Amino acid sequence: MRMWGFPWLSWLCLVLLAAVIALAMIDEAARIQLLLTLGLTAVLLLVARATRGVARPGVPRE
């Protein structure tokens with residue numbers, strides 16, 4: 001599927017996302033929320049990596 005504005009629109013989205021994160025780091029309440037979200041994401045990534053090879057009943061291994 002072709003996307004209009006490729007690759008410029010993708011770069012614009014990344015710049016806007018970085019701007020939102022930068023603005024969130026300025027506001028104290030938003031900074032705490034952003035850092036907690038980043039921490040939770042890191043914990044979930046570690047749990048996913050640690051349990052990657054664990055087999056579950058009824059779920060075929062890839």
Side-chain angles (χ1 to χ4, degrees):
M1 185 163 109
R2 295 182 63 128
M3 182 176 87
W4 63 271
F6 179 80
W8 308 112
L9 194 59
S10 298
W11 285 107
L12 177 64
C13 286
L14 288 174
V15 168
L16 291 175
L17 185 59
V20 168
I21 291 172
L23 287 173
M25 291 300 283
I26 292 172
D27 183 31
E28 186 174 342
R31 182 183 322 129
I32 293 169
Q33 204 171 21
L34 180 64
L35 292 175
L36 286 173
T37 301
L38 290 173
L40 177 62
T41 303
V43 168
L44 291 175
L45 180 63
L46 290 173
V47 169
R49 296 278 181 186
T51 60
R52 176 177 259 176
V54 177
R56 293 173 291 177
V59 178
R61 294 185 81 177
E62 294 179 4

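As the structure is a computational prediction, the values presented were derived from the model and not from experiment.
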Quiz prompt | ILVMFWY cluster, Trp4 and Leu16 together (side-chain gap under 4.5 Å) | solution =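 Yes, Trp4 and Leu16 fall within the same hydrophobic cluster.
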
Do Phe6 and Leu14 land in one hydrophobic cluster if side-chain heavy atoms of ILVMFWY residues count as linked below 4.5 Å?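 As far as the 4.5 Å side-chain criterion goes, Leu14 and Phe6 are not connected within one cluster.
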
Can you spot which of Val47, Leu45, Thr51 makes a side chain to side chain contact (heavy atoms under 4.5 Å, CB included) with Arg49?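 Result for side chain to side chain contact (heavy atoms under 4.5 Å, CB included) with Arg49: Leu45.
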
- Query: For Ile21, which fellow cluster members are found when Ile, Leu, Val, Met, Phe, Trp and Tyr are connected by side-chain heavy-atom distances below 4.5 angstrom, either directly or through intermediates?
  - Reply: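 Cluster partners of Ile21: Leu17, Met25, Leu34, Leu35, Leu38.
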
List the steps and the verdict of side-chain contact (heavy atoms from CB on, under 4.5 Å) for Leu40 and Leu44.
CA-CA 6 Å; Leu40 177 62; Leu44 291 175; 4.2 Å; yes

*asked:* Strictly distance-based, threshold 3.5 Å: is any side-chain N or O of Arg31 a donor or acceptor partner for the main-chain N or O of Ile26?
replied: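 Yes: the side chain of Arg31 pairs with the backbone of Ile26.
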
